[in-house]
Number of protein chains: 2
Amino acid sequence: MSSEIRLTPTSFVVLGLVEAAGEATPYDLKNMVAASLGNFWSLQHAQLYSEPQRLTATGYLAERRETGGRRRRHYRLAAKGERALREWLAEPTAELTEMRDLALLKIFFGANPVAMAAEQVEAHRGKLAEYEEIMKRAGADLPAGVRLSLEAGILAERTWVRFWSRHAE
Amino acid sequence: MSSEIRLTPTSFVVLGLVEAAGEATPYDLKNMVAASLGNFWSLQHAQLYSEPQRLTATGYLAERRETGGRRRRHYRLAAKGERALREWLAEPTAELTEMRDLALLKIFFGANPVAMAAEQVEAHRGKLAEYEEIMKRAGADLPAGVRLSLEAGILAERTWVRFWSRHAE
DNA sequence: ACTTAGACAGTCTATTTTAGACTATGACCG
DNA sequence: CGGTCATAGTCTAAAATAGACTGTCTAAGT
């Protein structure tokens, strides 16, 4: 439990996922991210190995290490982590969606929108279809928060499909 | 012109802005970012001091330094930078919008959406109003690409206002 | 029994980016 | 002349990214 660290969004992603799983290895986390929140909050898989170590060193997580075989590390929430997560969840934020859209950046600097549009429409349609599929299959059993963020993703993708379609000529 | 560097989106932001300005100091760039693309592609102002140096060292930009006073550095596009920018603009991308939304992340992990919604509606309404104001005042004279990305921002903000309003109860 | 392909699981490094404190210069006002 | 505000720039530690690289286990085919 060395000197304190700053808790970043990445930290809360780890804390939140570990809580949801009860106990998880970095590899589990990686799969959880890929299947859900990775769609709207991307991070490097290497982070899912280093961040839990940071959080363990400072008492937010507890680690249990396999003695044989791959000596995997299994993490669970420590009381301190639980508390930190609760507090973070309770605190509303006025921070806005931050977006990074390479296609839009190119347009801004004068790239030809028609040339961009075809690929973008297709890519966004694909994402939209994927989300709608998840919603159709699993929508009803999803935890409320997960479903809500999925809905947000669907709305956002629809917006982009509309936007780019308009410029596809 | 030392060993090559990787050109990142940040590099193209600098190249693009320098081209638009003809010649610019980091401080000019900082103001340009704040007034326009900073809304949809955030970056640290310190980057606008270090990135042009990187680009100058590798021949993408040319630097002219004031001899007296503040010894400001003025940058303009070198032929190599011009070429790189052209190529980047011409190349379409299938990369999707990447978004980072703290409020949504909290919701995902079970935060109370009603508690989040009030602040979010207000913040997004504010942003939307700001964009619409710019569009109303300057819309007609804006370069096409700039106007288009502004339109995209407006659509996105409307989507978010609608989403959060629905949950504001 | 042996091998090998593919899924599973994790590590590493260099570079970039972020957060944000800190410093300095010039211009104008009383 | 001194203060204050806008202008302009620097610095550092910590965190994140890109992506190559290395192992381990299982199961199917030979």
Side-chain angles (χ1 to χ4, degrees), chain A residues 2-15 17 21 23-35 37-38 41-58 60 63-75 93 95 98-100 102 105, chain B residues 2-15 17 21 23-35 37-38 41-58 60 63-75 93 95 98-100 102 105:
Chain A
S2 67
S3 59
E4 266 319 299
I5 54 171
R6 194 165 23 142
L7 293 177
T8 67
T10 303
S11 313
F12 292 109
V13 165
V14 170
L15 292 175
L17 289 176
E23 187 172 67
T25 67
Y27 190 70
D28 295 336
L29 296 177
K30 178 174 137 180
N31 289 325
M32 294 168 87
V33 166
L37 96 271
W41 194 286
S42 73
L43 39 82
Q44 222 49 40
H45 73 274
Q47 290 278 102
L48 298 173
Y49 289 87
S50 57
E51 186 66 21
Q53 281 177 43
R54 242 166 54 98
L55 292 172
T56 300
T58 44
Y60 292 94
E63 177 187 314
R64 174 174 70 74
R65 188 150 192 191
E66 291 177 359
T67 51
R70 294 190 178 180
R71 306 191 20 91
R72 286 199 208 77
R73 294 161 201 268
H74 296 256
Y75 295 97
T93 174
E95 207 160 305
E98 171 176 333
M99 66 170 173
R100 298 204 144 183
L102 213 48
L105 188 63
Chain B
S2 69
S3 60
E4 266 319 298
I5 54 171
R6 195 165 21 143
L7 293 178
T8 68
T10 303
S11 313
F12 291 109
V13 166
V14 170
L15 292 174
L17 289 176
E23 187 172 67
T25 66
Y27 190 70
D28 295 336
L29 296 177
K30 179 174 138 181
N31 289 324
M32 293 168 88
V33 166
L37 93 275
W41 195 286
S42 73
L43 38 82
Q44 223 48 40
H45 73 274
Q47 290 277 103
L48 297 173
Y49 289 87
S50 57
E51 186 66 20
Q53 282 178 42
R54 242 167 54 100
L55 293 172
T56 301
T58 44
Y60 291 95
E63 177 187 314
R64 174 174 70 74
R65 188 150 190 191
E66 291 177 0
T67 50
R70 293 193 178 179
R71 306 190 19 91
R72 287 200 208 76
R73 294 159 201 270
H74 296 254
Y75 296 97
T93 174
E95 207 161 304
E98 171 177 333
M99 65 169 173
R100 298 203 145 185
L102 213 49
L105 188 63

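Every chain is numbered from 1, with letters handed out A, B, ... down the list of sequences. If you're wondering where the values come from, they're calculated on a predicted model, not measured in any experiment.
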Heavy atom of residues 24-34 of chain A under 4.0 Å from DNA chain C: which residues? A:Tyr27

Using only side-chain N and O atoms of B:Tyr49, determine if any of them is under 4.0 Å from OP1 or OP2 of D:dT10. no

Less than 4.5 Å apart, any side-chain heavy atom of A:Glu23 and any of A:Arg64? yes

State, yes or no, whether a side-chain contact exists between B:Leu105 and A:Phe12 at a heavy-atom distance under 4.5 Å. no

List the protein contact pattern of nucleotides 11-19 of chain D with one symbol per nucleotide (5' to 3'): B for base contact, S for sugar-phosphate-only contact, - for none; contact means a heavy-atom distance under 4.0 Å. B--SSBBBB

Does A:Gln53 have more than 12 heavy atoms from other residues, nucleotides or ligands lying within 6.0 Å of its CD? yes

Tell me yes or no: between the side chains of A:Glu51 and A:Ser11, is some donor less than 3.5 Å from an acceptor? yes

For B:Thr93, what residues pass the side chain to side chain donor-acceptor pair (under 3.5 Å) criterion, not counting sequence neighbours? none

Rounded to the nearest Å, what distance is computed from the CZ atom of residue B:Arg72 to the C1' atom of nucleotide D:dT7? 8 Å

Identify the 5'-most and 3'-most nucleotides of DNA chain C with at least one atom closer than 4.0 Å to a non-hydrogen atom of chain A. C:dC8 to C:dA19

Qualifying residues under side chain to side chain donor-acceptor pair (under 3.5 Å), relative to B:Ser42, sequence neighbours excluded: A:Glu98

Between A:Leu29 and A:Pro52, is there a side-chain heavy-atom distance shorter than 4.5 Å? yes

Hey, is A:Glu66 close enough to A:Arg71 for a salt bridge, meaning N to O under 4.0 Å? no

With sequence neighbours excluded, tell me which residues meet side chain to side chain contact (heavy atoms under 4.5 Å, CB included) with B:Glu63. B:Thr56, B:Arg65, B:Arg73, B:Tyr75

Compare all side-chain heavy atoms of B:Leu37 with those of B:Leu17 and state whether any distance is below 4.5 angstrom. yes

